Amino acid sequence: MRQQLDMSSNTSMDIFEKINGHEQVMFCNDPSTGLQAIIAIHNTSLGPALGGTRMYPYASLDDALQDVLRLSEGMTNKCAAADIDFGGGKAVIIGDPKKDKSPAMFRAYGQFVDSLNGRFYTGTDMGTTMEDFVQASKETNFINGIPEEFGGSGDSSIPTAQGVIYGLKATNHYLFGNDALKGRTYAIQGLGKVGFKIADSLLREGANLIVTDIYPEVIAAIEETAAQYNTAVTVVESNEIYETDADIFVPCAMGGILNEETIPKLKVKAVVGSANNQLQAEHLAKNLHDKEILYAPDYIVNAGGLIQVADELYGPNKNRVLLKTKSIYQAILEIYQQAELDVITTLEAANRKCQQRLEQQRHRNNFFTRHRSPKWTIKE
Ligand SMILES: NC(=O)C1=CN([C@@H]2O[C@H](COP(=O)(O)OP(=O)(O)OC[C@H]3O[C@@H](n4cnc5c(N)ncnc54)[C@H](O)[C@@H]3O)[C@@H](O)[C@H]2O)C=CC1
Ligand SMILES: O=C(O)CCC(=O)C(=O)O
């Protein structure tokens, strides 16, 4: 008879409580390169797990674990809502992307990804770049979003930013009766791979921008870009971005930025951004709703990158990616309309949409075992 696991120690109890709802969590440790990473596979009902890898200087292991668990769960919803046959997964590398990275670290990481044998596909996220994954792809095929010259589909932050622009147009349509980006004011938090591209598109369209980032060099770069369009941006400190007099808040950095402290400060009419897990907790969608702030569910509006990397695994096709990314406009509008009709939050409307798809296929995906037979034939 199987021995019962001793759960008397708090640590083991905690860990299984924490990862409850996830299929698998893998801790990766490579002291020779300093790699400490966590890969979380939330749900593979729809297909192998797919999701980027974030590098961030987490204050504690708990913070890193919490982030990766929420991010991977978000990917399950994102795939389900976008009708993509992949599951939810994500990874985090603990460290400062400006100081702690090395090619060797990403090669070591690639080996860990490879050991999952296709259960998890990954590429860039916050703090990681295509170059990092060129290194990782020397060790594994389960990498996406590397440059086209190496056979990848290229920078996934391009379709992510395009998708957010479609989301912004849909939001303007719903709120103001037309799509025009011009003349409205957008407060952008984070000018990285996605945020900078959104800012550039908005400036090109004649929008007004209030921006913040923690790195002075990206602030200088956006000021230079604005000057090229004969305009200027307003720069504010990190914590001032919540109280600006903008029409729409566009979070493009960390998650959890919509919380009990920040929501009361918001003066905007809508929140539409690329950041994953913008709400610190799901119930906060109601706080936004009560303040009549329209919230574009993050996993709907930021699905452009996922659309591109998932497409790559079927053989990349830029037109197909563009068409599907465009459909974010309609998806967002329908969610706003459904929420209004049913008097629920926009997050509830989005969650219902993915639950319906997941419930149709509530079993573990057999993608990995389909073509294999056991090595040993054991007679009963
Ligand atoms: N790269 C992609 O295609 C996708 C990204 N996302 C999400 O979008 C967000 C941004 O991703 P990337 O642009 O790839 O990351 P990135 O690392 O390229 O850029 C993030 C930027 O945010 C800034 N930042 C960090 N903390 C900040 C703070 N407190 N205040 C102001 N700025 C701050 C950083 O300095 C950096 O410039 C993340 O939440 C990511 O998970 C979602 C879908 C796809
Ligand atoms: O954008 C990517 O490269 C993959 C998808 C992803 O990780 C995300 O949507 O957060």
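When reading the values below, keep in mind they use all heavy atoms of this one structure, side chains included, and skip hydrogens, waters and symmetry mates. In this text the structure is predicted, and so the values were computed from the model without any measurement.
With hydrogens and angles left out, the side-chain atoms of Y186 and N208 include no donor and acceptor closer than 3.5 Å. D114 and T140 are linked by a side-chain donor-acceptor pair at a separation below 3.5 angstrom, with hydrogens and angles left out of the test. For K90 and T53, the side-chain atoms include no donor-acceptor pair closer than 3.5 Å. Side-chain polar atoms of D155 and S157 form a donor-acceptor pair below 3.5 angstrom. Looking at Q135 and K138, their side chains do bring a donor and an acceptor atom within 3.5 Å of each other. Remark: the D179 side chain and the Y329 side chain contain an N/O donor-acceptor pair separated by less than 3.5 Å. In this model, a donor atom of one side chain and an acceptor atom of the other lie less than 3.5 Å apart for D30 and T33.
Checked against salt bridge (charged side-chain N to carboxylate O under 4.0 Å, His left out), D298 has no partners two or more places apart in sequence or in another chain. Take K269 and apply the salt bridge (charged side-chain N to carboxylate O under 4.0 Å, His left out) test, not counting sequence neighbours, and it matches D247.
Within the 4.5 Å cutoff, no side-chain heavy atoms of T212 are placed close to those of I188.
S72 contributes no side-chain N or O that, together with a main-chain N or O of G88, makes up a donor-acceptor pair within less than 3.5 Å. Between the side chain of D132 and the backbone N or O of T129, at least one donor-acceptor pair lies under 3.5 Å. Between the H22 side chain and the L69 main chain, a donor and an acceptor come within less than 3.5 Å of each other. Remark: the backbone N or O of E237 is paired with a side-chain donor or acceptor of E240 at under 3.5 angstrom. For the pair E348 (side chain) and K286 (backbone), a donor-acceptor distance under 3.5 Å is absent.
Hydrophobic clustering (ILVMFWY, side-chain heavy atoms < 4.5 Å, transitive): I307 and L323 are in distinct clusters.
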Q.
Assess the residue pair D200 and Y229 against the criterion (side-chain hydrogen bond (donor to acceptor under 3.5 Å, both in side chains)); give the C-alpha distance rounded to whole Å, side-chain angles, the decisive distance to 0.1 Å, and a yes or no.
A. CA-CA 9 Å; D200 186 305; Y229 295 118; 2.8 Å; yes
Q: Using the side-chain hydrogen bond (donor to acceptor under 3.5 Å, both in side chains) rule, take T345 and H289 through it: C-alpha gap first, then chi angles, then the decisive distance, then the call.
A: CA-CA 6 Å; T345 67; H289 185 260; over 6 Å; no
Q: Evaluate side-chain hydrogen bond (donor to acceptor under 3.5 Å, both in side chains) for N302 paired with K78, printing each intermediate quantity in order.
A: CA-CA 9 Å; N302 72 12; K78 206 181 293 193; 2.8 Å; yes
**Q.** side-chain hydrogen bond (donor to acceptor under 3.5 Å, both in side chains) assessment of Q66 paired with D62
**A.** CA-CA 6 Å; Q66 199 192 5; D62 250 15; over 6 Å; no
